[in-house]
Protein chains: 2
Amino acid sequence: MKSPMKPSQPQEATQEDEAVDFALIELLFFAYRDFTSDPDAILARYGFGRAHHRVLHFVNRRPGLTVAELLEVLRITKQSLARVLKQLIDTGYVVQVQGPRDRRQRELYATKKGHALALALALPQSRRIHTALEEAGIEDRAALERFLKAMVNPELRAQVDRSPSGGDRTSERGKME
Amino acid sequence: MKSPMKPSQPQEATQEDEAVDFALIELLFFAYRDFTSDPDAILARYGFGRAHHRVLHFVNRRPGLTVAELLEVLRITKQSLARVLKQLIDTGYVVQVQGPRDRRQRELYATKKGHALALALALPQSRRIHTALEEAGIEDRAALERFLKAMVNPELRAQVDRSPSGGDRTSERGKME
DNA sequence: TAATTATGTCAATATGGCTGACATAATTTT
DNA sequence: AAAATTATGTCAGCCATATTGACATAATTA
């Protein structure tokens, strides 16, 4: 382990490195690391983790989302979601409503309490983003949105649009339809 | 659980929502989700996980990094790093060299094999980034770098600079496009 | 009626984090 | 030189989040 080893083959940069954009890869890592640190601190006080945050976020953003849709968006399995969702329901942050058209479905909605928490978690992230936009002197916010969306797998971009992107209002044309 | 429950308090949008930038928050989530999916597939073939990726990435990028420095960058504990680092060393992707000045330190270096894997993992991510820049028609790459860096906690920005960015050819202030 | 679908749940497992405690060697302080 | 501190390693156990596979139930569709 800690033998007085000499590097068998310590490595230097090769020419191939030139083609790889390590700078942006690393910046994305650092930016996302700190971006998620904001809500983490809040979640800890509620006994929740990132998994709860993600579920609550999407349920809040897409009222009436079904369990299957949520699994697609999060890209996790039903079993992984189960515990987290149950905790959010048991503690009153999310409620389930039997699907109107298809009674097998469970539409998910954030309660008032859930909405408040989702907002509290989003606030520091939103602030961080806006401060960064200002600091970086980004004039073209739309360009950033285009870039981020282009980073998503083409076949999954529909998920991005499914949000109430037009604005945020959550209500729209009534969720209980 | 699946009682014929009626939402005790289904929630609608409040005015506060307007102030929160849910759109960008969500885009960052989706972008990062798919950004990390590229290397995940490769790692699985090696029996490694994301933790190995992160360690290998930074060791490759910052040859001679010490264990303490690595912990700071990854923001994890020594015990969390231990297993992963040991596996990378045991399988020949990383080597340790006793620190020249301070013999207690262990400088970390990627081996030729480690360098190759780090590159293989970075390639699809780099490609995704560049394709996205093109698709989004980003002319000002530097602006994106400024934004991402501004997203990092001020007190931790030094970590970003510590990379071989002075030369990380590829980037600089050039705009590849 | 039969097949399929949406959801829930049980059991087992893996990964990657964590804390606390302690050991060793090397450096720094006193 | 002795004492304190530092850098690293390691043991033991715990927790959160994810996985797969199997199976149950109710509702819809064929």
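The figures here come from the full heavy-atom set of this structure, side chains too, leaving out hydrogens, waters and symmetry mates. Residue numbers start from 1 in every chain, and the chains themselves are labelled A, B, ... in the order their sequence lines are given, proteins ahead of strands.
Contact annotation: A/Gln96 reaches the phosphate of C/dG8 (side-chain N/O to OP1 or OP2, under 4.0 Å). When the side-chain nitrogen and oxygen atoms of A/Arg103 are compared with OP1 and OP2 of D/dT29, none of them lie within a distance under 4.0 Å. Contact annotation: A/Thr77 side-chain N/O to D/dA18 OP1/OP2 distance is not under 4.0 Å.
Separating the CD atom of A/Glu69 from the C1' atom of C/dT7 is a distance of 13 Å, rounded to the nearest angstrom. Here D/dT20 presents its P atom at 12 Å from CG of A/Leu71, a figure rounded to the nearest Å. Taking atom CZ of residue B/Phe48 and atom P of nucleotide C/dG16, one finds them 10 Å apart after rounding to whole Å. Protein atom CZ of A/Arg106 is 10 Å distant from nucleotide atom C1' of D/dT25, rounded to whole Å. Going from atom CD of A/Glu72 over to atom C1' of C/dT5 covers 14 Å, rounded to whole Å. Rounded to an integer number of Å, the gap from CG of B/Leu43 to C1' of C/dA14 is 15 Å. The NE2 atom of A/His53 sits 18 Å away from the P atom of D/dA16 (whole-angstrom rounding). Between B/Leu65 atom CG and D/dA7 atom C1' there is a gap of 14 Å when expressed in whole angstrom units.
Using a 4.0 Å cut-off between a side-chain N of Lys or Arg and a carboxylate O of Asp or Glu, A/Arg33 and A/Asp40 do not qualify as a salt bridge. Electrostatic pairing of A/Lys149 and A/Glu145 does not count as a salt bridge here, judged by no charged N lying under 4.0 Å from a carboxylate O.
When each of B/Leu85 and A/Lys78 is assigned the nucleotide of DNA chain D with its nearest heavy atom, B/Leu85 is the one assigned upstream, toward the 5' end. Annotation: of the two residues near DNA chain D, A/Asp102 and A/Ser80, the 5′-most nearest-nucleotide partner is A/Ser80.
Considering every non-hydrogen atom in both A/Gln98 and A/Arg103, the closest pair reads CG-O, 3.2 Å.
Note on ring orientation: taking the six-membered ring where Trp is involved, the planes of B/Phe48 and B/Tyr93 are perpendicular (angle over 60°, cut-offs 30° and 60°).
When ring centroids are compared, B/Tyr109 and B/Phe58 stay outside the 6.0 Å threshold.
When heavy atoms are screened at a 4.0 angstrom cut-off, A/Arg83 is found touching base atoms of the nucleic acid.
Within 3.5 Å, no donor on the side chain of A/Arg104 pairs with an acceptor on the base of C/dT7, nor the reverse. In the interface, the side chain of A/Gln79 is paired with the base of C/dT9 through a donor and an acceptor atom under 3.5 Å apart. With hydrogens and angles ignored, no donor-acceptor pair under 3.5 angstrom links the side chain of B/Lys86 to the base of D/dG9.
Each of D/dT8, D/dT10, D/dT19 was ranked by its minimum atom distance to the side chain of B/Ala82; first place goes to D/dT10.
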